[in-house]
Protein chains: 2
Amino acid sequence: MARKRFDDSTCSVARALNEVGDWWSLLIVLHAMHGTRRFVDFQQELGIARNILCDRLARLVDNEVLKKVDVGEHGSRFEYRLTEKGRDLFPIVIALRQWGDKWNPAPDQAPLDLRDRETGRTILPVDVRDADGKPLTVRDVFVPGDDIGQLNPSDSKKQTG
Amino acid sequence: MARKRFDDSTCSVARALNEVGDWWSLLIVLHAMHGTRRFVDFQQELGIARNILCDRLARLVDNEVLKKVDVGEHGSRFEYRLTEKGRDLFPIVIALRQWGDKWNPAPDQAPLDLRDRETGRTILPVDVRDADGKPLTVRDVFVPGDDIGQLNPSDSKKQTG
DNA sequence: GAATCTGGTTTTAAAATGCAACCCTATTCT
DNA sequence: AGAATAGGGTTGCATTTTAAAACCAGATTC
């Protein structure tokens with residue numbers, strides 16, 4: 001059957017995953033962040049099937065993560081460019097990269113070394129931080145008045161998180 | 001056909017997504033972070049089909065994001081608990097939440113207010129930061145010697161990012 | 001000892017995925 | 001000019017995945 005949709009979930013994590021929670025979307029966004037803009041380039045770099053790429057690009061455009069720009073005088077060349085919403089996925093992509101590097105390191109390859117353009121220095125691990133910038137783990141945080149009910153609506157048959 | 005696997009990709013983002021890049025896994029991890037541990041509780045809170053939940057829990061256990069613990073004297077009660085690897089997904093989950101809150105706010109609901117247990121103060125937005133803690137956008141970073149080749153292996157038909 | 005809870009497995013139908021083949025519109029080569 | 005090629009898709013088909021509901025078996029509770 002069709003996968004469940006989370007678009008009307010009360011949980012913002014579910015709503016976020018509804019837009020970029022599949023196997024390909026964040027990889028497309030990642031490549032866009034590294035400068036890829038053309039259909040064929042995404043296709044060859046990712047090794048994704050053309051119809052799936054079509055579908056994913058259309059969904060990302062629908063969700064305003066990418067915008068499709070007509071370049072070329074007679075309208076048969078396009079570019080897919082990140083929107084601000086798309087660029088805002090940067091911390092998520094980097095956090096995923098760091099998690100992958102930490103827990104599933106590639107056998108023969110050093111992790112990608114991302115640096116600040118201005119200072120040339122390596123970026124920090126992405127972390128949840130308190131107001132003073134101190135890194136926090138999941139155990140260090142709470143939700144005022146939390147009863148998990150806020151994450152788990154009473155209509156448990158239909159809601160998602 | 002079967003979905004492509006990214007487990008042997010040279011890209012750590014692809015390897016990360018191979019483990020938690022589907023629609024459900026991060027929602028399961030999210031609920032685990034809020035204290036859910038039992039099969040039935042995940043099932044009811046998420047509204048996920050039982051067979052899919054089984055499959056996802058097994059995959060998460062295989063990938064050491066969760067561990068399955070036998071509680072109950074005669075071995076018919078289990079708990080699924082986060083491992084350190086699983087807890088390390090915290091920044092990703094929170095970044096997704098913040099992205100969802102920012103770009104797809106729920107019409108009638110305030111975003112979840114996560115606070116530091118110690119100080120009681122609200123957490124900061126998750127960001128990529130330079131060595132001094134200054135937030136960086138995707139445009140502020142570079143990869144030394146970057147030619148995107150590092151993300152896009154030459155064997156472009158089979159690699160993924 | 002019957003009902004219920006827990007943690008699943010099985011069956012079935014509808015989608016989603018991947019691949020290859022095809023298509024149409026430019027643009028480039030000869 | 002005509003042929004070949006690049007860009008950006010769409011279509012058809014076989015295989016997997018997904019969702020939902022039914023079923024099941026070992027503990028626990030009534």
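Each chain gets a letter, A, B and so on, in the order its sequence line appears, and its residues count up from 1. All figures in this text were calculated on a predicted structure; none of them were measured in a lab.
- Taking for each of A/Phe39 and A/Arg3 the nucleotide of DNA chain D with the nearest heavy atom, the 5'-most of the two is the partner of A/Phe39.
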Are A/Trp99 and B/Phe90 close enough, and set up right, to give a side-chain contact (heavy atoms from CB on, under 4.5 Å), and what steps lead you there?
CA-CA 10 Å; A/Trp99 188 81; B/Phe90 188 50; over 6 Å; no
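- Among the protein residues, B/Tyr80 comes within range of the sugar-phosphate backbone only, with heavy atoms under 4.0 Å from sugar or phosphate atoms but none that close to a base.
- In this structure, the side chain of A/Lys4 does not engage the main chain of B/Trp24 through any donor-acceptor pair within 3.5 Å.
- The listed nucleotides are C/dA16, C/dT11, C/dG18; the one nearest the side chain of A/Asn51 is C/dG18.
- Taking side-chain N and O atoms only, B/Trp23 has no distance below 4.0 Å to OP1 or OP2 of C/dA15.
- Mapping B/Asp22 and A/Asp41 onto DNA chain D by nearest heavy atom places A/Asp41 closer to the 5' end of the strand.
- Atom CG of A/Asp70 and atom P of D/dG7 are 16 Å apart (whole Å).
- In this structure, B/Ile52 atom CD1 and C/dT11 atom P are separated by 16 Å, rounded to whole Å.
- Per the geometry, CZ belonging to B/Arg56 stands 11 Å off C1' belonging to D/dA19, to the nearest Å.
- Looking only at distances, no side-chain donor or acceptor of B/Arg97 sits under 3.5 Å from a matching main-chain atom of A/Val13.
- When the side-chain nitrogen and oxygen atoms of A/Arg38 are compared with OP1 and OP2 of D/dG7, none of them lie within a distance under 4.0 Å.
- Distances shown here put every side-chain N or O of A/Lys4 at or beyond 4.0 Å from the OP1 or OP2 atom of D/dT17.
- For B/Ala2, the side-chain atoms get nearest to D/dT17 when compared with the rest of C/dC19, C/dT9, D/dT17.
- Residue-level contact check: A/Arg50 touches the bases, meaning some heavy atom is under 4.0 Å from a base atom.
- Within 4.0 Å (heavy atoms only), A/Asp55 reaches no atom of the nucleic acid at all.
- Going from atom CZ of A/Arg59 over to atom C1' of C/dA16 covers 11 Å, rounded to whole Å.
- Atom-to-atom, CD1 of A/Ile48 to P of C/dA20 comes out at 15 Å; the value is rounded to the nearest Å.
- We find that CG of A/Leu27 is positioned 16 Å from C1' of C/dG18, with the value rounded to whole Å.
- A donor-acceptor contact closer than 3.5 angstrom is absent between the side chains of B/Thr36 and B/Asp41.
- Here the C1' atom of nucleotide C/dG8 and the CD atom of B/Gln44 are 14 Å apart, to the nearest Å.
- Counting distance only, with no hydrogens placed and no angle test, the side-chain atoms of A/Arg77 and the base atoms of D/dG7 include no donor-acceptor pair under 3.5 Å.
- For the pair B/Arg81 and B/Phe78, the cation-pi criterion (under 6.0 Å, within 45° of the ring axis) is not fulfilled.
- Protein atom CZ of A/Arg37 is 13 Å distant from nucleotide atom P of D/dG8, rounded to whole Å.
- At C/dA16, one or more side-chain N or O atoms of A/Arg5 fall inside 4.0 Å of OP1 or OP2 (strictly under the cut-off).
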